[in-house]
2 protein chains.
Amino acid sequence: MENLSRPVTLRMIADEVGVNVSTVSRVINASDAEARRWASGEVIERIRSVVAERGYQRNPQAASLRTRRSGLVGVLVPRLQDFVLATIYEGIEEAATEQGISTFVTNSLDIPANQIARTEIMLSRRVDGLIFGDAHAGEPFLDELAERGVRFVLVSRRSGNHISATCDDVMGGRLVAEHLLSSGRRDIGILAGQPYASTGIDRTAGIVQACREAGIEIPPHRIVQGGFDAPGGHEAAVRMLEAGGCPDAIFAANDFAAIGAMGVLRERGIAVPDDVAVVGYNDTPLAAELPIPLTTVRSPMHEIGRQGLDLLVSMLRGDEVESVRLAPELILRASSASAVPKM
Amino acid sequence: MENLSRPVTLRMIADEVGVNVSTVSRVINASDAEARRWASGEVIERIRSVVAERGYQRNPQAASLRTRRSGLVGVLVPRLQDFVLATIYEGIEEAATEQGISTFVTNSLDIPANQIARTEIMLSRRVDGLIFGDAHAGEPFLDELAERGVRFVLVSRRSGNHISATCDDVMGGRLVAEHLLSSGRRDIGILAGQPYASTGIDRTAGIVQACREAGIEIPPHRIVQGGFDAPGGHEAAVRMLEAGGCPDAIFAANDFAAIGAMGVLRERGIAVPDDVAVVGYNDTPLAAELPIPLTTVRSPMHEIGRQGLDLLVSMLRGDEVESVRLAPELILRASSASAVPKM
DNA sequence: GCACTTGCGGCAAACGTTTGTGTAAAGCAT
DNA sequence: ATGCTTTACACAAACGTTTGCCGCAAGTGC
C-alpha cells in the first residue's frame with residue numbers, strides 16, 4: 001500500500017521520448033509558439049503527450065535552486081483571527097494561486113520584535129518578496145528592510161512612501177463625518193484604534209478634518225485609542241465615557257470595536273441610535289446581523305489583498321509600481337438613524 | 001543601494017575555515033555532542049563562529065532537493081474568514097514554526113472540486129504532508145489520497161478512521177442537553193450546521209442522545225441544517241420557526257449561527273432567554289460581548305491546531321499515531337438563564 | 001613489532017532543473 | 001559544388017546541499 005514510486009522527472013520524460021532533458025525543459029516552459037524555436041512539431045507533440053500521460057510535475061525546489069527564484073511570498077499580518085486581515089489574506093492567496101505563486105502567512109501580533117523575527121524566517125525560506133499587513137507608523141524596520149534590497153509591499157496600512165494597497169481611509173472618515181453631521185449629531189467621539197496603525201490614524205484624520213471644515217472641533221478627550229477587536233472597543237468606550245460623559249455619536253475605526261462599544265452602551269442603558277449614533281468600519285458580515293444593525297464604512301478588503309499581491313509581482317518583475325488607494329463606501333443602517341425627537 | 005551580494009553558502013564557510021563543505025554541513029546539522037564525531041573541538045568552534053559572523057542561512061530548496069523532504073505542509077480549510085478555522089490554523093502555524101516547518105494554507109470553500117484541485121497544487125509544491133480542516137463525511141476523496149500514500153491528518157472534523165485532532169463534539173452536545181434539561185427546557189431546536197461536517201453531526205448526535213436518555217425525543221422538524229455563519233444561522237432559524245413555531249431552547253452548532261438566530265428572534269419579538277434559551281458553540285470572543293451574552297461550549301481550537309500539526313510530524317517521522325479528541329467546556333451566560341416565571 | 005580500532009576529515013556523487021554554447025544536418029543562394 | 005544561414009537538437013555546467021565511502025594518522029591491544 002506504500003507508495004514508493006518516485007515522482008516523474010524530466011530525465012524520465014526525455015528518455016521515453018528519446019531526446020535530451022534540455023529539450024524537454026524548453027518545450028515545457030515555452031508557449032506554444034515559442035516551443036517551435038526549440039523542437040520540431042512532431043517532437044513537441046510527443047513530449048506533450050508523454051508529459052500528460054505520465055503526469056509529470058516539475059520539482060519546484062530543483063527549479064528554484066537553479067533559477068534563484070522560489071515562487072514564494074511571505075505574508076505578515078497582525079492576526080489572522082481578525083476578520084479584516086483574514087479577508088485581505090484571502091485576496092492575496094487567491095491572486096497568488098492565479099499567478100502560480102505560493103504564500104506563507106504568519107501572525108506578528110503587532111509586536112515589532114515578532115515582525116523582525118518572522119521576517120527573518122520568511123527570508124531564510126528564500127521568499128521572493130514579502131507582504132506586510134502590520135506596518136507600524138514610525139518604526140524604522142521597513143526602511144531598513146528596503147535598504148537591504150528586500151522587495152515588499154504593504155496592505156491595509158500604509159507607511160512612509162513604501163508601495164501599498166489600502167483603502168482610502170481619510171475619505172472613509174470624511175464620509176462618516178458628513179453623514180453624522182447631516183443627521184444632526186454634533187458631539188462626536190472616536191475610537192481611533194491603535195496609534196501605530198495608519199488605518200486608525202487616517203480614519204480619525206478624515207473625520208476630524210471634515211468636522212473642522214464644518215466648524216466643529218473634536219476635542220482631544222473625544223479621541224481614545226484601543227484595540228481593533230470587541231474587548232478593545234469595550235475598554236476604549238469605557239474610557240471615553242468616563243472622561244467626558246456620552247457623546248451623541250461614536251465612530252469606531254473598526255466594526256468589532258463598535259460592537260464592544262455597543263456592549264458598554266447597553267450596560268449603561270444608553271440607547272442606540274436615539275441617545276447616541278454608532279458607526280463602525282469595514283462592513284463585517286456581522287454588522288448587518290446585530291440586534292441594532294450597524295452603520296459602517298465598507299472597505300474593499302478582498303480587493304486590497306489582490307492588488308497587494310499584484311503590486312508585488314509587478315515589482316519583482318522589475319516594473320515601476322505605484323501605491324493604490326481604493327474607495328470606501330458608506331453603508332447606512334439603524335445604529336445611526338436620526339434620533340427620534342422626544343415628545 | 002541594490003543588494004546584489006549573493007547569499008552565503010556552505011562553500012564560502014568551508015573555504016574561510018579551510019575545511020571541506022561536507023564537514024561544515026555535518027557540524028551544522030548535528031547536535032553539540034554528535035558534532036564531535038565529525039570534527040575536532042577546535043574546528044567545530046571555528047565553523048560555528050564563521051557561520052554566525054557571516055550570517056549563513058541554509059538554502060532550503062537545495063537541501064530539499066537532496067533530502068527529498070521539503071519541510072512544507074499544506075493546510076486546507078473551508079474558509080479562513082471563519083474565526084474557528086482561523087484560530088485552528090494559528091495553532092497549526094505556531095506549532096509548525098516551533099518545529100522549523102512552514103505551512104501553506106488555502107480555502108476550499110467546502111467545495112469538493114476545490115479540495116481536489118487545491119490538494120494537487122499542494123502536492124505539486126512537494127509538501128511532506130497535509131492537514132485538512134474541511135473533511136467531508138461520505139466523500140471518497142480522503143480514502144483515495146491515503147491509498148496513494150499521501151500523508152495527512154484531519155483537524156476540527158473527523159472522517160472514517162483517518163487520524164484527526166478534534167473536539168469531543170458528542171460530549172459537547174451532551175453538556176448542552178444536560179444544561180438545558182436541568183433548567184427546565186423541554187422543546188429543543190437544533191441548528192445542526194452542514195450535513196457533511198462531523199462537527200455538526202456529532203454535536204447534534206450528542207444532544208439528541210442525551211435528551212433521549214432523559215426521555216425526551218427531539219422530532220425531525222426541530223433539526224435544521226445550514227451554514228456555520230451568521231447568515232446561515234439566520235436562514236436556518238427562520239426555517240425552524242416556520243416549520244413548527246418557536247421551541248423553548250435553540251442549540252446552534254456554532255456561535256455565529258447562534259448570533260444569526262438571535263437576530264431572527266429579535267425581529268419577531270421573541271425574548272431571550274425568557275421565551276427561548278440560546279446556546280452556541282466554540283466560545284468566540286464576541287459571545288461574551290453580545291447584547292445578550294451567549295451561553296456556549298468552549299472548544300480548544302488553538303490546541304486542536306497544535307495537536308494536528310504534531311500528529312502529522314509524528315506520522316511523517318514514521319511513528320504510529322492515534323487520533324486525539326479534546327474535551328469541551330460549557331460556558332454559562334445570560335442567553336440560557338432559567339426563564340423568569342411569569343407572575 | 002604487528003594488526004586493528006578510532007578520530008577526523010576529504011572526495012565525489014547525487015538530487016532535478018535551467019540555460020549558455022556547440023554542432024550536425026538541412027535549406028538556400030550563388 | 002561551395003559557402004552561408006537556419007533548424008533542431010545535444011552537451012554539460014551550474015545551483016547548494018547531504019551523505020556514503022575512503023584515507024590517513026594516532027592510539028590501542030598483544
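Quick note on labels: first sequence line is chain A, next is B, and so on, each numbered from 1.
Of the side-chain N and O atoms in A:Arg68, one or more sit less than 4.0 angstrom from OP1 or OP2 of D:dG16. Regarding contacts with the backbone of D:dC15, every side-chain N or O of B:Arg66 stays at 4.0 angstrom or more from both OP1 and OP2. For A:Asn59, no side-chain nitrogen or oxygen approaches OP1 or OP2 of C:dC15 to under 4.0 Å. The phosphate of D:dC9 has neither OP1 nor OP2 within less than 4.0 Å of any side-chain N or O from A:Thr23. Between A:Arg126 and the phosphate of D:dG16, there is no side-chain N or O to OP1/OP2 separation shorter than 4.0 Å. Dashed line: the shortest gap from a side-chain N or O of A:Arg69 to OP1 or OP2 of D:dC15 is not under 4.0 Å.
If you check every strand for non-hydrogen atoms under 4.0 Å, A:Asn20 touches a base. Here B:Ser25 lies in heavy-atom contact (under 4.0 Å) with a base. Nucleic acid contact for B:Gly41: none, since no nucleic acid atom lies under 4.0 Å from a heavy atom of the residue. Counting any heavy atom pair closer than 4.0 Å across all strands shown, B:Arg26 reaches a base atom.
Side-chain contact, A:Asn107 with B:Glu90: a donor N or O sits under 3.5 Å from an acceptor N or O. Counting only N and O atoms by type, the side chains of A:Thr87 and B:Gln81 include a donor and acceptor under 3.5 Å apart. Using a 3.5 Å distance cut-off with no hydrogens or angles, the side chains of B:Ser124 and A:Gln57 do not pair a donor with an acceptor. Side chain to side chain, A:Ser49 and A:Glu45 fail the donor-acceptor criterion of an N or O pair below 3.5 Å.
The residue among B:Trp38 and B:Val21 whose nearest nucleotide of DNA chain C lies closer to the 5′ end is B:Trp38.
Relative to the side chain of B:Leu65, the nucleotides C:dG16, D:dT17, D:dT18 differ in distance, and C:dG16 lies closest. Nearest nucleotide to the B:Ala63 side chain, out of C:dT18, C:dG16, D:dT18: D:dT18. Listed nucleotides C:dG9, C:dT18, D:dA10 differ in distance to B:Ser40; the shortest reach to its side chain belongs to C:dG9.
Between the OH atom of A:Tyr56 and the C1' atom of C:dT18 there is a distance of 10 Å, given to the nearest Å. Distance, A:Arg58 CZ to C:dG16 C1': 11 Å, rounded to whole Å. When the C1' atom of C:dT17 is taken as reference, atom CD of A:Gln57 falls 15 Å away, rounded to whole Å. The interatomic distance linking A:Met12 (CE) with C:dT17 (P) rounds to 9 Å, in whole Å. The interatomic distance linking B:Gln61 (CD) with C:dC15 (C1') rounds to 14 Å, in whole Å. The CD-P distance, from B:Glu45 to C:dG9, rounds to 13 Å in whole Å. One atom, CZ of B:Arg6, and another, C1' of D:dG16, lie 10 Å apart when rounded to the nearest Å. A:Leu10 has its CG atom 15 Å from the C1' atom of D:dA10, to the nearest Å.
In the interface, the side chain of A:Ser22 is paired with the base of D:dC11 through a donor and an acceptor atom under 3.5 Å apart. For a distance-only test at 3.5 Å, the side chain of B:Arg36 fails to qualify as a donor-acceptor partner of the base of C:dG9.
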Exercise for the section: Show your reasoning for whether side-chain contact (heavy atoms from CB on, under 4.5 Å) applies to A:Val75 and A:Thr106. Expected result: CA-CA 6 Å; A:Val75 181; A:Thr106 188; over 6 Å; no
Exercise for the section: Under the side-chain contact (heavy atoms from CB on, under 4.5 Å) rule, what do B:Tyr89 and B:Leu85 come out as? Steps first, then yes or no, please. Expected result: CA-CA 6 Å; B:Tyr89 176 70; B:Leu85 270 301; over 6 Å; no
